[in-house]
Number of protein chains: 2
Amino acid sequence: MAEAEKQVAEEDVLTPRQREILRVLVQEYIDTAVPVGSATIQRIGGLGVSSATIRNELARLEELGYVAQPHTSAGRVPTVKGYRYFVERLMEQVELPLPEQRMIRHQFHQLQLNLDQWMRLTAAVLAHTARSASLVTPPHAVNSRFRHLELISIHDTVCLLILVLQDGSIHQEMLGLSQPIAQEELSRTSSKLNTLLRNRTVREIRESTNPELTGLRGWEAQVLQRVLELMERADRRAVSEIYRDGLINVLRQPEFGSIEKFRRVVEILEHRRFLEPILTRTLNASGVQIIIGGEGPYEEIYDVSLVLSPYGVRGKASGVLGIVGPTRMPYARAISAVRYVAHLMDNLIAEVYGE
Amino acid sequence: MAEAEKQVAEEDVLTPRQREILRVLVQEYIDTAVPVGSATIQRIGGLGVSSATIRNELARLEELGYVAQPHTSAGRVPTVKGYRYFVERLMEQVELPLPEQRMIRHQFHQLQLNLDQWMRLTAAVLAHTARSASLVTPPHAVNSRFRHLELISIHDTVCLLILVLQDGSIHQEMLGLSQPIAQEELSRTSSKLNTLLRNRTVREIRESTNPELTGLRGWEAQVLQRVLELMERADRRAVSEIYRDGLINVLRQPEFGSIEKFRRVVEILEHRRFLEPILTRTLNASGVQIIIGGEGPYEEIYDVSLVLSPYGVRGKASGVLGIVGPTRMPYARAISAVRYVAHLMDNLIAEVYGE
DNA sequence: TATTGGCACTCAAAAGTGGTGATTGCTAAT
DNA sequence: ATTAGCAATCACCACTTTTGAGTGCCAATA
């Protein structure tokens, strides 16, 4: 198995004892937020060696870049590389405790299936379960297909345009018309377009040579134009909207005693520019993704981590959900929470959107 | 006039000089966040008296509860009572500078009128203009009237129910049907209901004795039931959704060097339990409301203030917008920003929703 | 050769120290 | 009623000292 091979290959770099020391150190640091010294590891680690031996091993781990000292006379803290090794090889995968699973399922079952409420609930449940800030994007199809158009007269020259796509997303917009149009005429046009466009993608519609479509003029052409624009926007913005919750949980973390680090979390959550590429990437991945701040392309968000997972039915309707917290995060719990909720969403999506 | 009487009555308590001293003190404290001493007031206040006199007056103001000393050898800071007096009687009302007005108008005119984007923009503009955290609730009608229903088959036994009310709000919900229903039949029912319910309130529908309505059975009755429930929920929850922005601005305030006070701001913004009653109250008030934390029913949110205003067309569609910040807030600017944006919204709402 | 006890060393954090200056309240003079 | 003058207060700052957790290294040990 590739898995086993990888593990063997890794043993060339870290001995089992070093791995155990690293595991204990990261776990302890996650629990206490205090740099961990050799004596502490000896006390709670249960490996039968003296603190001097552990010191030697720690020196080696530091050379290799897995741990670092905030200052000479302090214990060690994990580096980004250390966290990465921990979450990939050392951490014990746990399932979310059954009572919590039951509670979450219960909450989801009580729900009337309104997309907006549903997303909110998901964000709230994630935040509560992982005790950190959460984010959720609504399920979204890749090449959305037209499903239904509705034009409702608001007054003479303004109508409300409601567009429903096959992924169930609803897009609305006020439309100023070039001339006064009555409701009857609006209805006639919308039912015409409903027939012409049904189940088509933007591309198909644009390439159509159907004279009924290409021949549209005046306000009707205007409506079609807006419909296409809305569909394109929906396609382009894989991440349409982001539901958030639980920011307050992050404030409880001791590392945010000073404002600066906390600011980064708020910035990540408020500014799409960070999230958009990360979420898009997650959408196309599979399984729980762990992004540790400071690594590779994520230098800017040093000491903030994200645990994200795609959910939904691939190619039909999928979204991303996950949590944001300090690098020093209880990953085991976070991952199990994210994974469980994502699975639950997979099922719900399959139930609602497809067979 | 009641206004004038009140002012006269108040002059019994505070002499003109005391008022001027209080005004200078609060203004200076708002600007600098540093306790203000008698010398400072003498220097910048321009009242032709010595600092000793000012000290005497300050002692009196302290007795009366308008100012307080953080410790014996420090200057004075305003109390909640002091702030209240300041915003109601001493502060000079200013208009938002014209260039800013122009910029805001410009942003609103560029907008395609989608409610969701609109609310977001409003929150963003408020946050930016008042340099603080902002919140906005969408416009909402009191006794909403039915406008349009659309049923879209998702698969056999699930359909998407879209309900448009007269205030332009759109409500959607997935509906599990008791039996498989085809799209044609869904359409027939929705157009029937559209005729029967058009422009009616929940109350009117419930009290109707029209046999076409009371005679509905099976899944059709189920649909009607859900429509009524949705309409009732829309009526009941005056504050449906809250758009927020600009939290990051609050982090810049020096008083949030420690986390504790900041936490309160986040709590207010995240938990509806604080906001709901405040917003509902504001909705029924008129003009800009200033809520100073620690006062009366708002003890819990000590040292956080809100500047809120209702907007929209009374009885037709109205909402609340405003900002949240530290008690030590540039009220003049905040109020002018909130007032200006609220007026702008009044006009936009009138333009879109009515004559 | 790996492990260990012992020990000198380091250094951040906590506790202590004294000086500074802003500010007050009080008093006596105007 | 107002003011100048002045002693008293006390947070704040810069500085020093103390403390102790923790390290690195070395010589002894298995």
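Keep in mind it's a predicted model, so treat the numbers as computed, not measured. Lettering follows sequence order; numbering is per chain, from 1.
- The shortest distance between the side-chain N/O atoms of R55(B) and the OP1/OP2 oxygens of dC26(C) is not below 4.0 Å.
- One finds no side-chain N or O of S73(A) lying less than 4.0 angstrom from the OP1 or OP2 phosphate oxygen of dT10(C).
- Between the side chains of S305(B) and Y83(B), not a single donor N or O lies within less than 3.5 Å of an accepting N or O.
- Rounded to an integer number of Å, the gap from L61(B) CG to dT23(C) P is 17 Å.
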For this session: For side-chain contact (heavy atoms from CB on, under 4.5 Å), just list the numbers for E57(B) and T15(B), CA-CA rounded to whole Å, side-chain angles, deciding distance to a tenth of an Å, and then say yes or no.
Result: CA-CA 10 Å; E57(B) 297 287 41; T15(B) 67; 4.2 Å; yes
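- In this structure, CD of E57(A) is placed 13 Å from C1' of dT4(C), rounded to the nearest angstrom.
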Would you give me the side-chain donor-acceptor pairs under 3.5 Å for residues 36-45 of chain B, sequence neighbours excluded?
| unit_1 | atom_1 | unit_2 | atom_2 | d |
| --- | --- | --- | --- | --- |
| S38(B) | OG | R55(B) | NH1 | 3.3 |
| Q42(B) | NE2 | V49(B) | O | 3.2 |

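- Contact record, S309(A) with V338(A): CB-CG1, 3.6 Å, taken as the closest heavy-atom pair.
- At a threshold of 4.0 Å, the pair E100(A)-R333(A) counts as salt-bridged, since one of the basic side-chain nitrogens sits closer than that to a carboxylate oxygen.
- Heavy atoms from other residues, nucleotides or ligands lying under 6.0 Å from CD of E95(B) number 12 at most.
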For this session: Might you work through the side-chain contact (heavy atoms from CB on, under 4.5 Å) test for Y331(B) and I292(B), ending with a clear yes or no?
Result: CA-CA 11 Å; Y331(B) 288 96; I292(B) 297 174; 4.1 Å; yes
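- At distances below 3.5 Å, at least one donor-acceptor pair connects side-chain atoms of K81(A) with backbone N or O atoms of L64(A).
- Distance CD (Q69(A)) to C1' (dT10(C)): 10 Å, rounded to an integer number of Å.
- Within the 4.0 angstrom heavy-atom criterion, base atoms lie near A52(B).
- With DNA chain D read from its 5' end, the first of the two nearest nucleotides for G75(A) and S51(B) is the one closest to S51(B).
- Judged by distance alone, with hydrogens and angles left aside, the side-chain atoms of S134(A) form a donor-acceptor pair with the main-chain N or O of A123(A) at under 3.5 Å.
- Bending across the helix from dT1(C)-dA30(D) to dT30(C)-dA1(D), expressed as the angle between its end axes from five pairs apiece, amounts to 20° (10° rounding).
- Rounding to whole angstrom units, CD1 of residue I21(A) and C1' of dT3(C) are separated by 13 Å.
- A salt bridge does not link E20(A) with R17(A): none of the charged nitrogens is closer than 4.0 Å to a carboxylate oxygen.
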Please tabulate, one pair per line, all N/O donor-acceptor pairs under 3.5 Å involving side-chain atoms of residues 296-303 of chain A, not counting sequence neighbours.
| unit_1 | atom_1 | unit_2 | atom_2 | d |
| --- | --- | --- | --- | --- |
| Y298(A) | OH | R281(A) | NH1 | 3.3 |
| D303(A) | OD1 | R264(A) | NH2 | 3.4 |
| D303(A) | OD2 | R264(A) | NH2 | 3.4 |

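- Ion pairing between a basic and an acidic side chain is recognised when a charged N comes within 4.0 Å of a carboxylate O; E63(B) and R60(B) show such pairing.
- Across the protein-nucleic acid pair, N56(A) atom CG and dT3(C) atom P stand 9 Å apart, rounded to whole Å.
- Atoms CG (L58(B)) and P (dT24(C)) sit 6 Å apart, rounded to a whole Å.
- Shown for residues 34-48 of chain B: residues whose heavy atoms fall under 4.0 angstrom of DNA chain D, namely G48(B).
- Between the CD atom of E62(B) and the P atom of dC26(C) there is a distance of 12 Å, rounded to whole Å.
- Contact check of residues 23-30 of chain A against DNA chain C (heavy atom, cut-off under 4.0 Å) returns no residues at all.
- Ring-centre distance between F262(B) and F262(A): below the 6.0 Å cut-off.
- A donor-acceptor contact shorter than 3.5 Å is absent between the side chain of E276(A) and the backbone of R273(A).
- Contacts between chain B and DNA chain D, taken as any atom within less than 4.0 angstrom of a protein heavy atom, begin and end at dT2(D) to dA11(D).
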